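Remarks on the structure that follows.
For clarity, every value in this text was computed on a predicted model and none was experimentally measured. In listed order, ligands and their atoms are each counted from 1.
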Amino acid sequence: MKIDTSLTIPQPPEALSQAGLQFDEATEEDFDEIMAMSQDIYGGLDYLPTRYTSWLQETNRTVIVARKEGKVIALESVCVIDDGETMLVEGLRVAPEERGKGVAGVLLRFCSELVKSKFPEVKVTRLTRDDPLGPKDFQKYRVITKQGILLVRFKAEELKLRLSNLISHEGIFSSLSSPSAVRLDHKSIHQLYLTTDLMHGVLPNATVIQDWQPFKLLPSNFAILLKKNIDWMVDDESNPTVASLCTFPFKVPIGDDWYYLNIDMFGKDLSLVQQQLLCHLQCHMATLKGHVMCQIFLDQALWKPMADFCHNALNLELVKEYTEQCVVESDV
Ligand SMILES: CC(C)(COP(=O)(O)OP(=O)(O)OC[C@H]1O[C@@H](n2cnc3c(N)ncnc32)[C@H](O)[C@@H]1OP(=O)(O)O)[C@@H](O)C(=O)NCCC(=O)NCCS
């Protein structure tokens, strides 16, 4: 659908005509062009190919493409969460040959105005970044919370062997079958996260970050979260110290048989974090195949001991040194 920019953009029209950009709401037909300009993104670990179609169906989401001379050169998506108060910016990307010309800035401002006109109750814009933030970013944004990112890689078959050896011979993971990591069903998630404040001491800034999306503890957000295929775990429902959320493995474009597994972990107890990681891996062992990139988001202080644990105990390959996931926010 073409957007009538004269009605929807309160920003100066010169900015757009200078950039020679046209904005459209993204459609299924744009998929190939979007993928073509996304080739180099996140080192081949782009989540967009698996999410694109469902993004277009979400009623609280707007996906916009920018075209130059008819060709798609940029994309941004905005999802309205937190009872309609937050616009969450996701998927931002500009074609390599168009970077450094201010396209992202124009697109960010366009989407912000468009979403504000559709959802007038929006108060803040949030985004999650993993690139180093500079002084200009800190002028623009306040930091809501940060998590360390541990990226490891393994072959599913090798990890299966390793885990079964560890469980049967080394016995050090007897905790896998102990009740110190509990999988939560929808009712218990609702009960624990929304009817008590027990999770406030566990979550960073009372925020559930699920695969890059930061959510406040609100029923409307849990309606979104509980539609997703996620495994929720906690060490103790009545007195939680560590909680975690794990996606199901999804394909990434880096290679034919490559999958991504994202695990968000909250809490500072190393041993409990290790146990939950093992339980999540164990839960997915039956379905995991091929090569797996596993992204573990965790308390910054746990990055090093968890990197050592993954490498030494599980023989997982460390893909990247320490990086950070940073949730930032600004008023609109
Ligand atoms: C990051 C990227 C979108 C920037 O595009 P660009 O057109 O070259 O951006 P510019 O350098 O012209 O910066 C323009 C604006 O984008 C903002 N920006 C840059 N990187 C950003 C990021 N990662 N997230 C949000 N905004 C970003 C800048 O702050 C600047 O804002 P301003 O105009 O208000 O000052 C582009 O380099 C890209 O596609 N990279 C690969 C994908 C990627 O890393 N996406 C970020 C996901 S968090």
Side-chain angles (χ1 to χ4, degrees), residues 9-12 14-16 18-23 26 30 33-52 55 61-69 71-79 81 86-116 124-149 151 209-214 252-254 260 262 264 293 295 297 319-320 323-332:
I9 313 166
Q11 75 181 67
E14 312 88 75
L16 293 170
Q18 261 172 27
L21 298 179
Q22 177 200 329
F23 299 96
D30 297 319
E33 268 195 82
I34 293 165
M35 291 310 126
M37 66 142 186
S38 303
Q39 293 290 327
D40 71 329
I41 285 184
Y42 310 133
L45 300 174
D46 189 11
Y47 56 83
L48 193 57
T50 27
R51 304 273 157 82
Y52 186 73
W55 272 14
R61 185 181 288 282
T62 308
V63 187
I64 297 294
V65 288
R67 287 195 166 83
K68 190 174 175 185
E69 292 157 13
K71 191 174 156 221
V72 173
I73 59 140
L75 173 139
E76 181 187 329
S77 170
V78 180
C79 182
I81 55 165
T86 302
M87 56 165 102
L88 180 61
V89 173
E90 294 180 284
L92 179 67
R93 63 203 49 212
V94 171
E97 67 279 9
E98 298 294 339
R99 288 181 196 158
K101 302 178 188 172
V103 172
V106 175
L107 183 57
L108 281 162
R109 283 185 283 280
F110 171 80
C111 290
S112 174
E113 294 306 326
L114 176 68
V115 173
K116 272 195 287 181
V124 294
T125 183
R126 275 192 177 193
L127 57 155
T128 313
R129 294 178 61 160
D130 69 346
D131 53 328
L133 299 178
K136 218 180 143 200
D137 296 305
F138 289 111
Q139 276 171 15
K140 218 164 30 169
Y141 299 114
R142 45 186 183 268
V143 175
I144 302 301
T145 186
K146 284 180 184 180
Q147 292 263 83
I149 307 174
L151 183 62
I209 313 170
Q210 194 278 318
D211 196 4
W212 298 93
Q213 297 187 311
V252 273
I254 190 170
Y260 224 158
N262 287 346
D264 293 280
M293 284 282 188
Q295 199 165 214
F297 305 93
V319 180
K320 251 204 286 195
T323 53
E324 263 174 9
Q325 179 191 54
C326 193
V327 179
V328 294
E329 175 180 287
S330 67
D331 299 326
V332 298

Contacting atoms of ligand 1, where contact means under 4.0 angstrom from a heavy atom of [X]:
| X | answer |
| --- | --- |
| G105 | 14 (C), 15 (C), 16 (O), 33 (O) |
| K136 | 35 (O) |
| G102 | 12 (O) |
| V103 | 7 (O) |
| L127 | 24 (N), 25 (C) |

For [atom], tell me which residue out of [options] has the closest non-hydrogen atom.
| atom | options | answer |
| --- | --- | --- |
| atom 48 (S) of ligand 1 | T128, L133, V89, D130 | T128 |
| atom 16 (O) of ligand 1 | A104, G100, P96 | A104 |
| atom 23 (N) of ligand 1 | Q325, R99, R129, R109 | R129 |
| atom 26 (N) of ligand 1 | D137, L108, T125, V328 | L108 |
| atom 28 (C) of ligand 1 | K140, R93, Q139 | K140 |

Cut-off 3.5 Å, side chains only: do Q295 and N262 have a donor facing an acceptor?
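Result is yes, a qualifying pair exists.
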Examine the side chains of T86 and R126 and answer whether a donor and an acceptor come within less than 3.5 Å of each other.
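Looking only at side-chain atoms, R126 and T86 do not form any donor-acceptor pair under 3.5 Å.
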Which of parallel (below 30°), tilted (30 to 60°) and perpendicular (above 60°) describes W212 and F297?
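Aromatic pair W212/F297 classed perpendicular.
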Considering non-hydrogen atoms of the protein only, which is the closest contact for atom 46 (C) of ligand 1, and what is the distance?
L92 O, 3.7 Å
Considering only protein heavy atoms, which is closest to atom 39 (O) of ligand 1, and at what distance to one decimal place?
V94 N, 2.8 Å
Per-residue contact class, D131 against ligand 1 - non-hydrogen pairs under 4.0 Å:
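Near ligand 1, D131 shows its side chain, while the N, CA, C and O stay back.
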Side chain or backbone of V106 under 4.0 Å from ligand 1, or both, or neither, by non-hydrogen atoms?
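No part of V106 comes within reach of ligand 1.
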Give a yes or no on whether atom 2 (C) of ligand 1 lies under 4.0 Å from any heavy atom of the protein.
no
Report yes if some heavy atom in the side chain of T323 is under 4.5 Å from a heavy atom in the side chain of L151; otherwise report no.
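In short, these two side chains do not touch, never coming nearer than 4.5 Å.
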D331 and R142 ion-paired at < 4.0 Å
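Here D331 pairs with R142 in a salt bridge, since their nearest N and O are under 4.0 Å apart.
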Donor-acceptor pair, side chain of D264 and main chain of D211, under 3.5 angstrom
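Pair found, side chain donor or acceptor close to backbone of D211.
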